[in-house]
Peer 1: 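Let me begin by handing over the structure; questions about it come next.
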Number of protein chains: 2
Amino acid sequence: MELSFVKERIEHAVLCKQLANIVGTCYVEYWGRAASKLPKGKRLLMIKGDGSFAIHQNRLLRPTNYMMGSTIGCELSDDTLIITASKLHPKETMKVIFYNVDDLQSYEMDEASDLRLFGSERELSDQLMQDLSFLEAGLKPLNQEEVLRKGLVDILAEDKEGRLVVIELKRRQADFNAVQQLKRYMDQVQNMKGKKTRGLLIAPEIRKNARELLEKYGLEFFAIDFEVSNPSTKIKGLQKKQKTLFEL
Amino acid sequence: MELSFVKERIEHAVLCKQLANIVGTCYVEYWGRAASKLPKGKRLLMIKGDGSFAIHQNRLLRPTNYMMGSTIGCELSDDTLIITASKLHPKETMKVIFYNVDDLQSYEMDEASDLRLFGSERELSDQLMQDLSFLEAGLKPLNQEEVLRKGLVDILAEDKEGRLVVIELKRRQADFNAVQQLKRYMDQVQNMKGKKTRGLLIAPEIRKNARELLEKYGLEFFAIDFEVSNPSTKIKGLQKKQKTLFEL
DNA sequence: GCTGGGAGAGGCTTA
DNA sequence: TAAGCCTTTCCCAGC
């Protein structure tokens, strides 16, 4: 395609906040949080109405190069079309040099609509909050998403012995990070409240090493079995995997 | 566009592992790791040769719905075209119901080429390894295969007092996680070697709360100043921000 | 295959 | 704006 024509079409699409796809042979440079060069090759550049700018190759979900909320410019130079994307905070620039453009399409799109997602951690937390006795008899909810000075506790409760119970919920296999997150919260709550405190990690499963760490810390793991059925999420079972510190 | 024609074109593109973009009005359902529904609206579906399957709206870098490495199927039903993507491990399915298709493009693409990236953590680590005296006089790199290969730490060294020094490097602002990771590794190395061990966190900056935790643990923070200049990365400065435990 | 961890993470929510 | 953190994180390197 004639590059001067492509330039006009792109400028129009950007102005009208259309979604535009440009396919052609290009070379890409990026400089900002890091720096990168992508050798000349056939790629697809997708530009969205909000300044999303992405170079795609024919594999992987994620674009090879990208920029969010960019300002876009076009210029012709030496039989090439140079498309630049740039932004501040952090300062980043990307230069895409097209040697030829095979195709250019642009589309007037709807307003984006929201995805209704089921089975998120937040939804699980809500379900669990409905009935903590699922977890342990006599457990009473104190607060959901209790804000700590550092971070957010998923659920704070009190057990039948009057001990504080800090609960961290994960929708997938728990790892080191989850364990340490819980430990951090438990320590903090214990410090703030000056009461005996337990820490519960709830997840579908836990990695072996993470579990060792958890046990070393005296935390408790509960395996949760849930189903992301329609239209919401159902907790099917909850099984205790550790004795509490106080039972040992 | 005529949906039966679209169906054939898509099947051909998938078979030939082309990159295909379908734009039209559709409704999307996903079920797998979670579940979701996306109301009817105008979207772009991008299918790549490796089974990447992504529903894009006209905002944000990331697709609204997606699946990697999927198997793709097409069928006509009641004046709609249903495109399904599915995979095992984990079992996931996605159904895209097109009520009409405005446009369909497919492209024969090159083999994807590798991005040459500068300023990655790995590259910074290599640079730092070149000259540890940048960090502290008398610091000597240790090539402790077992520790380094296991990926426990970025760099292991010995200071002039003969203490082990565990170094964790972050290319961006260090957070809680970075501090706890370092602490975990330091404990582990200390256990393995049975020697006095220091833990150094090197990052451009550190979050306030993370820093408090770091100080509580007796770890040390060094602010690194680096530049991702072309063609590689240059460390411009390195400033110690904490006294060591042993100096206190 | 599982595990660990980085990423130019992205993106959301709340202080 | 910054902090904190979840994500259908994605993706890769090791084992």
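Throughout, a chain's letter reflects where its sequence line sits, starting with A, and its residues are numbered from 1. Values below: every heavy atom of this structure, side chains too, minus hydrogens, waters and symmetry copies.
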Peer 1: Quick one: label B:Arg149 by what it contacts on the DNA or RNA (base, sugar-phosphate, nothing), any heavy atom closer than 4.0 Å.
Peer 2: sugar-phosphate

Peer 1: Does D:dA3 have OP1 or OP2 sitting under 4.0 Å from an N or O in the side chain of B:Gln173?
Peer 2: yes

Peer 1: Among C:dG4, D:dT9, C:dG10, which nucleotide sits nearest the side chain of B:Arg33?
Peer 2: D:dT9

Peer 1: For A:Arg59 and A:His89, take the nucleotide of DNA chain D holding the closest heavy atom to each; which residue's nucleotide lies nearer the 5' end?
Peer 2: A:His89

Peer 1: Is the distance from OP1 or OP2 of C:dA9 to the nearest side-chain N or O of B:Arg172 less than 4.0 Å?
Peer 2: yes

Peer 1: Tell me whether the ring of B:Phe176 lies stacked over the D:dG4 base, given a 5.5 Å limit on centroids and a 30° limit on the plane angle.
Peer 2: no

Peer 1: Is A:Glu168 touching bases, backbone alone, or none of the nucleic acid, heavy atoms closer than 4.0 Å?
Peer 2: sugar-phosphate

Peer 1: Touch check for A:Ser120, heavy atoms < 4.0 angstrom, all strands: base, sugar-phosphate only, or nothing?
Peer 2: sugar-phosphate

Peer 1: Checking A:Arg184 against B:Phe176: charged group under 6.0 Å from the ring centre and within 45 degrees of the axis?
Peer 2: yes

Peer 1: Side chains of A:Arg59 and A:Thr64: do they bring a donor and an acceptor to under 3.5 Å?
Peer 2: no

Peer 1: Counting the atoms with a prime plus P, OP1 and OP2 as sugar-phosphate, which does A:Asn177 contact under 4.0 Å by heavy atoms, base, sugar-phosphate, or nothing?
Peer 2: nothing

Peer 1: Give A:Tyr30 one of three labels, base, sugar-phosphate or nothing, depending on what nucleic acid heavy atoms sit under 4.0 Å from its own.
Peer 2: base

Peer 1: Which listed nucleotide (C:dG8, D:dT9, D:dT8) is nearest to the side chain of A:Leu115?
Peer 2: D:dT8

Peer 1: Taking the six-membered ring of B:Tyr27 as reference, does the cationic atom of B:Lys40 (NZ for Lys, CZ for Arg) lie under 6.0 Å from its centre and within 45° of its axis?
Peer 2: no

Peer 1: Check B:Lys216 with B:Glu212, please: is the shortest side-chain N to carboxylate O separation under 4.0 Å?
Peer 2: no

Peer 1: Could you check whether B:Glu205 gets within reach of a base, just the sugar-phosphate, or nothing at all, counting any heavy atom under 4.0 Å?
Peer 2: nothing

Peer 1: Given C:dG6, is OP1 or OP2 found less than 4.0 Å from the side-chain N or O atoms of B:Lys170?
Peer 2: yes

Peer 1: Across the strands shown, which category fits A:Asn209 at heavy-atom distances under 4.0 angstrom: base, sugar-phosphate, nothing?
Peer 2: sugar-phosphate

Peer 1: Under 4.0 Å between any heavy atoms, over every strand shown, what does B:Gln181 touch: base, sugar-phosphate, or nothing? Just pick one.
Peer 2: sugar-phosphate

Peer 1: Please evaluate the base of C:dG8 for a donor-acceptor partner in the side chain of A:Asn65 within a cut-off of under 3.5 Å?
Peer 2: yes

Peer 1: Has B:Arg62 got a side-chain N or O lying under 4.0 Å from the OP1 or OP2 atom of D:dT8?
Peer 2: no

Peer 1: Hey, does B:Met67 reach any base, or is it just sugar-phosphate, or nothing, if we go heavy atoms under 4.0 Å?
Peer 2: nothing

Peer 1: With respect to the phosphate group of C:dA9, does any side-chain polar atom (N or O) of B:Arg171 fall under 4.0 Å of OP1 or OP2?
Peer 2: yes

